[in-house]
Amino acid sequence: MAATAFYQAIGTLQYSGCFSNSNLNQENGNSSYRLVSKVFNLDIAPLRSGTHCSRKRSFSVIQASTSQSTVFDPVSSPSNGSKSDSKKKPSEAALILIRHGESMWNEKNLFTGCVDVPLTKKGVEEAIEAGKRISNIPIDMIYTSALIRAQMTAMLAMTEHRRKKVPIILHDESEQARVWSQIFSEDTNKQCIPVITAWQLNERMYGELQGLNKQETAERFGKEKVHEWRRSYDIPPPNGESLEMCAQRAVAYFKENIEPQLQCGKNVMIAAHGNSLRSIIMYLDKLTSQEVISLELSTGIPMLYILKEGQFIRRGSPVAPTEAGVYAYTKRLAQYRQRLDEMFQS
Ligand SMILES: O=C(O)[C@@H](CO)OP(=O)(O)O
């Protein structure tokens, strides 16, 4: 892979500012550039298969299948190991974070928050492009917010995944919804990826700014004030949520529901929003409330983390599916890709 290509791709994350004066660990060190060197370093630590992970909620037949790793899958994801090592504790899982593609209110420069706005055509294209970038990375479970722009992004991205499993939204809003969305074929279940929607992953509620133009609001209230509302950690916009308040629900949800899946070896994708993901990244990267101020996420750019021996390691953004080096982040991911290559010969 040309290093410049990676620099360009990672640059679009606008993710460097927060590292320039941070005390992050070596993996996450000063800006994206340390990530670049990491891409070429093969991590050959042996991966163990996942133990069975119990889900808190019951999701009928699909749920059962997501926890059955003993069923033979010709391209099983790294979390689904062989019978012989199924008792060992998993030591690694992939976590993909994607901010939704451009929404129709991003395009109009309006504060959006919890208003449920769909993607633009550009946002659709960004989601598909994001899908190409993660098409060789195993995904066992998907979490999205309750908002359509995040759900569209997840679904569109999955149309590009080489494994061709079908993402299925698990409806558990009522007993009837659960019963009526059951699947009665175990074979079909094995080809599905459960998608869990959670309001806790929603964009932060922007209060009385929702629907206002960002530029006009800055002219009216002053640039500094609006920047404070948009990026400070603990100052909420009028009648809205601060990032701290958003973190209280989003990070709590992550810790309670998503992290246990990763610890069980499940590979997870989260499609969510600028601020709910900023709060989760703040937790993963151990950013301070000062550092998070300059953390900006672009629309539709996937970011990969590896959970390994209890630590989240940020691996940056996969560049393109054709770049072999990108998928050699770990031996386990490289093996997954190799199996896909062998199976689909593309
Ligand atoms: O309007 C919003 O909901 C968010 C994300 O688009 O905006 P900001 O970048 O100001 O947090």
Side-chain angles (χ1 to χ4, degrees), residues 11-18 97-127 130 144-154 156-157 197-251 253 270-283 285 287 289-303:
T12 59
L13 282 169
Q14 301 171 19
Y15 195 30
S16 54
C18 69
L97 307 180
I98 305 188
R99 183 186 171 196
H100 62 80
E102 182 194 69
S103 79
M104 292 178 86
W105 277 15
N106 289 148
E107 186 184 37
K108 291 179 186 297
N109 203 24
L110 304 182
F111 284 101
T112 314
C114 287
V115 183
D116 206 354
V117 176
L119 299 183
T120 59
K121 187 168 182 288
K122 181 179 165 203
V124 168
E125 285 161 5
E126 285 175 340
T144 78
S145 74
L147 300 173
I148 192 77
R149 57 192 185 275
Q151 295 178 10
M152 285 177 81
T153 301
L156 287 164
T197 61
W199 67 268
Q200 292 92 333
L201 298 174
N202 280 7
E203 182 53 289
R204 75 98 143 241
M205 211 282 273
Y206 248 120
E208 291 166 25
L209 301 187
Q210 289 187 174
L212 302 191
N213 182 281
K214 291 178 183 175
Q215 178 63 32
E216 288 167 13
T217 308
E219 284 160 17
R220 186 167 154 211
F221 294 97
K223 247 176 140 179
E224 286 72 32
K225 184 79 224 160
V226 171
H227 186 258
E228 197 174 72
W229 283 335
R230 291 180 68 184
R231 290 295 171 265
S232 68
Y233 179 63
D234 51 7
I235 301 172
N239 287 318
E241 283 183 308
S242 62
L243 186 65
E244 185 180 26
M245 292 154 81
C246 178
Q248 273 160 14
R249 57 172 164 88
V251 176
Y253 185 85
I270 305 176
H273 304 265
N275 292 293
S276 53
L277 288 176
R278 284 175 73 230
S279 69
I280 289 171
I281 289 170
M282 186 180 176
Y283 167 68
D285 285 351
L287 302 183
S289 52
Q290 261 316 104
E291 288 166 340
V292 78
I293 291 174
S294 44
L295 172 59
E296 297 280 347
L297 301 183
S298 295
T299 51
I301 304 290
M303 290 191 62

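Just so you know, ligand 1 is whichever comes first in the structure, and atom 1 is the first atom listed for that ligand.
Separating the OH atom in Y206 from the CG atom in N275 is a distance of 5.0 Å, to the nearest 0.5 Å. Interatomic distance, E244 CD to S232 OG, rounded to the nearest 0.5 Å: 9.5 Å. Here the straight-line distance linking atom OG1 of T153 with atom CG of L147 works out to 11.0 Å at 0.5 Å rounding.
Scanning all heavy atoms of the two residues, the minimum distance from S103 to R149 falls at CB-CD, 3.8 Å.
You'll find the side chain of L156 reaches within 4.5 Å of the side chain of L119, heavy atoms only.
Neither the backbone nor the side chain of Q210 has any atom closer than 4.0 Å to an atom of ligand 1 (non-hydrogen atoms only). At a heavy-atom cutoff of 4.0 Å, ligand 1 is contacted by the side chain of N275 but not by its backbone. The side chain of K214, and not its backbone, has at least one atom closer than 4.0 Å to an atom of ligand 1 (non-hydrogen atoms only; side chain from C-beta on). Counting heavy atoms closer than 4.0 Å to ligand 1, residue Y206 contributes side-chain atoms (C-beta onward) but none from N, CA, C or O.
For R99, the closest heavy-atom approach to ligand 1 falls below 4.0 Å. Every heavy atom of L209 sits 4.0 Å or more from the atoms of ligand 1. In this structure, R231 is part of the shell of residues with a heavy atom less than 4.0 angstrom from ligand 1.
Within the structure, the salt bridge (charged side-chain N to carboxylate O under 4.0 Å, His left out) test picks out the following pairs touching residues 230-240 (sequence neighbours left out): R231-E296. Contacts classified as salt bridge (charged side-chain N to carboxylate O under 4.0 Å, His left out) and involving residues 97-109 (residues at least two apart or in different chains) are given here: E102-K122.
In summary, the atoms of ligand 1 found under 4.0 Å from a heavy atom of E203, numbered by their order in the structure, are 3 (O), 4 (C), 5 (C). Within ligand 1, counting atoms from 1 as listed, the ones closer than 4.0 Å to a heavy atom of L110 are 1 (O). Listed by atom number, the atoms of ligand 1 under 4.0 Å from F111 heavy atoms are 1 (O), 10 (O). Counting the atoms of ligand 1 from 1 in the order shown, those under 4.0 Å from a heavy atom of R230 are 8 (P), 9 (O), 10 (O).
Judged by distance alone, with hydrogens and angles left aside, the side-chain atoms of S276 form a donor-acceptor pair with the main-chain N or O of L201 at under 3.5 Å. Side chain of Q200 to main chain of R249: no donor-acceptor pair is present (N/O by atom type, distance under 3.5 Å, no hydrogens or angles).
Using modelled atom types and a 3.5 Å distance limit, the side chains of E219 and Q215 yield a donor-acceptor pair.
Remark: ligand 1 and N106 share an N or O pair separated by less than 3.5 Å (distance only, no angle test). For ligand 1, the polar-atom distance check finds an N/O of G113 within less than 3.5 Å of one of the ligand's N/O atoms. The shortest N or O to N or O distance between R149 and ligand 1 is not under 3.5 Å.
Looking only at protein heavy atoms, the nearest one to atom 1 (O) of ligand 1 is T112 N, 2.8 Å.
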